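I have placed the structure first, in the form of structure tokens, so that the comments after it can refer back to it.
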Amino acid sequence: MTLLNNYEYKIPKIWFHELKGVQAVATKKELEIANQLSRRRANIFLESRAYIRQCLGNLFEINPLEVPIIANPGEPPELPKGMGYCSFSHCNDAIILVWYEKKIGIDIERLDRNFNYAKLAKKYFFKSNRLNTTSELYRNTILNQWCAVEAAIKWDHGKLAEDIKEWQYSENDKILFHNKKKLKLKFTQINLYKWTISLAYKDTSHFIPNIICSSKMV
């Protein structure tokens, strides 16, 4: 692996890619896993892993097939000790990947995602009396909260069904807090074209999100 200088190492590397069905890179193990999945899940699995390998291969300046990452379906990706941490997320038409020297979580959602935001807010999330619950602003607030909480769950290697109700979200302070675990994280949100992206991480004065590659054509 090519050693990154001290400044570069402290900047999260983020790659954004629209899903287009490209599956150019896969290990034998990944092909075996794909054969056990439905066609739709297999296609997403292979494309996302190909993308992850290509990005990390460029970062570490090694053959993408030689990137020593374990990224099984439904499990957080793992890199060997000393190679940092990565997290990824995909929606129906895009994938986002982040690599950082420290533990990190990321999530992506389409801004026009069709979901019952009022029901979601009532069941899980803090509700603000200052907002009209039928307004577009309220919908966007809940979508951003959902996205940030999912990023936090990925940071913690938790489970959505178990942890979603435990995370408190403070938009003004950019803080996420897990009630049971007494865990506090910072978060950053980025709007990119038709998507919203959230990053969750421990508080650090050097954290500067940096999208270094985007396949989206303006």
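Worth knowing before you read on, the calculation uses all heavy atoms, side chains too, and leaves out hydrogens, waters and symmetry mates. Please read all numbers here as calculations on a predicted model, not as lab measurements.
- Annotation for Gln54 and Ala24: closest pair NE2-CB, 4.2 Å, computed over non-hydrogen atoms.
- Contact between Phe187 and Ser170 at its shortest, heavy atoms only, is CE2-O, 3.5 Å.
- Contact check for Asn191 versus Leu111: side-chain heavy atoms found under the 4.5 Å cut-off.
- Using a 4.5 Å cut-off on side-chain heavy atoms (C-beta onward), Lys165 and Trp167 make no contact.
- Judged purely by distance below 3.5 Å, without hydrogens or angles, the side chains of Asp163 and His178 pair a donor atom with an acceptor atom.
- A 4.5 Å side-chain heavy-atom check between Glu78 and Ile69 finds every atom pair outside the cut-off.
- A continuous path of ILVMFWY side-chain contacts below 4.5 Å connects Leu192 to Ile104, so both sit in one hydrophobic cluster.
- A distance of 8.5 Å separates CD1 of Ile106 from SG of Cys147, quoted to the nearest 0.5 Å.
- Between Leu183 and Asp156, the closest side-chain pair of non-hydrogen atoms falls below 4.5 Å.
- Between the Lys154 side chain and the Phe88 main chain, a donor and an acceptor come within less than 3.5 Å of each other.
- Within the model, atoms CZ of Phe60 and SG of Cys55 stand 11.5 Å from one another, a figure rounded to the nearest 0.5 Å.
- Among all heavy-atom pairs drawn from Gln145 and Gln189, the shortest one is N-NE2, 4.3 Å.
- Linking Ile, Leu, Val, Met, Phe, Trp and Tyr whenever their side-chain heavy atoms come within less than 4.5 Å puts Ile62 and Leu56 in one cluster.
- A side-chain N or O of Gln168 and one of Asn179 form a donor-acceptor pair less than 3.5 Å apart.
- Heavy-atom contacts from other residues, nucleotides or ligands closer than 6.0 Å to NZ of Lys29 number 12 or fewer.
- No continuous path of ILVMFWY side-chain contacts below 4.5 Å connects Tyr201 to Phe177, so the two sit in separate hydrophobic clusters.
- Residue Asn35 holds its CG atom at 8.0 Å from CD of Glu32, rounded to the nearest 0.5 Å.
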**Q.** Glu47 vs Lys20, salt bridge (Lys or Arg N to Asp or Glu O under 4.0 Å): CA-CA, chis, key distance, verdict
**A.** CA-CA 8 Å; Glu47 182 170 6; Lys20 298 183 181 296; over 6 Å; no

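- A donor-acceptor pair is defined here as one N or O able to donate and one able to accept, closer than 3.5 Å; such a pair exists between the side chain of Asn63 and the backbone of Leu65.
- Side chain to side chain, Asn144 and Thr196 meet the donor-acceptor criterion of an N or O pair below 3.5 Å.
- Linking Ile, Leu, Val, Met, Phe, Trp and Tyr residues whenever their side-chain heavy atoms come within less than 4.5 Å leaves Ile33 and Ile52 in two separate clusters.
- Between atom NZ of residue Lys102 and atom NZ of residue Lys202 there is a gap of 11.0 Å, rounded to the nearest 0.5 Å.
- Of the possible polar contacts, none joining the Ser89 side chain to the Asp107 backbone as a donor-acceptor pair under 3.5 Å is found.
- Between Ala151 and Ser198, the closest heavy-atom pair is CB-O, 3.6 Å.
- Under the 4.5 Å side-chain contact rule for hydrophobic residues, Val25 and Trp99 do not share a cluster.
- Between the CZ atom of Arg139 and the OG1 atom of Thr141 there is a distance of 10.5 Å, given to the nearest 0.5 Å.
- In this structure, Glu101 and Tyr85 have side chains that are not in contact, with every pair of non-hydrogen atoms separated by 4.5 Å or more.
- Of all heavy-atom pairs spanning Leu176 and Ala152, the tightest one is CD1-CB, 3.8 Å.
- Ring-plane geometry between His17 and Tyr51 is classed as parallel, the angle between the planes falling under 30 degrees on a 0 to 90 degree scale with a further cut at 60.
- A distance-only check finds no donor-acceptor pair linking the side chain of Trp155 to the backbone of Ser87 [under 3.5 Å].
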Q.
One pair to check against side-chain contact (heavy atoms from CB on, under 4.5 Å): Lys13 and Tyr100. What are the steps and the verdict?
A. CA-CA 6 Å; Lys13 309 299 189 295; Tyr100 190 40; over 6 Å; no

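- Of the options Ile96, Val98, Leu185, a side-chain contact (heavy atoms from CB on, under 4.5 Å) to Leu199 is made by Val98 and by none of the others.
- A donor atom on one side chain and an acceptor atom on the other are found under 3.5 Å apart for Trp146 and Glu109.
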(Q) Assess the residue pair Ile70 and Asn72 against the criterion (side-chain contact (heavy atoms from CB on, under 4.5 Å)); give the C-alpha distance rounded to whole Å, side-chain angles, the decisive distance to 0.1 Å, and a yes or no. (A) CA-CA 6 Å; Ile70 300 174; Asn72 295 325; 3.7 Å; yes

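- Under 3.5 Å, the side chains of Trp15 and Asn58 contain no donor-acceptor pair of N or O atoms.
- Taken from CD1 in Ile108 to CD1 in Ile197, the straight-line distance is 4.5 Å, to the nearest 0.5 Å.
- Judged by distance alone, the side chain of Arg49 and the main-chain N or O of Ala71 form a donor-acceptor pair under 3.5 Å.
- Leu31 is listed as a side-chain neighbour of Leu46, based on a closest heavy-atom distance under 4.5 Å.
- In summary, the side chains of Thr188 and Lys174 do not present any donor paired with an acceptor at a separation below 3.5 Å, with no hydrogens or angles considered.
- In this structure, Arg110 and Asn92 approach most closely via the heavy-atom pair CD-OD1, 3.4 Å.
- Proximity of Cys86 to Leu97: side-chain heavy atoms (C-beta onward) are separated by under 4.5 Å at one or more points.
- Within the 4.5 Å cutoff, side-chain heavy atoms of Phe45 are placed close to those of Pro73.
- Side chain of Glu30 to main chain of Thr27: a donor-acceptor pair is present (N/O by atom type, distance under 3.5 Å, no hydrogens or angles).
- A salt bridge is defined here as a Lys NZ or Arg NE, NH1 or NH2 lying under 4.0 Å from an Asp or Glu carboxylate O, and Lys194 with Asp112 fails to meet this definition.
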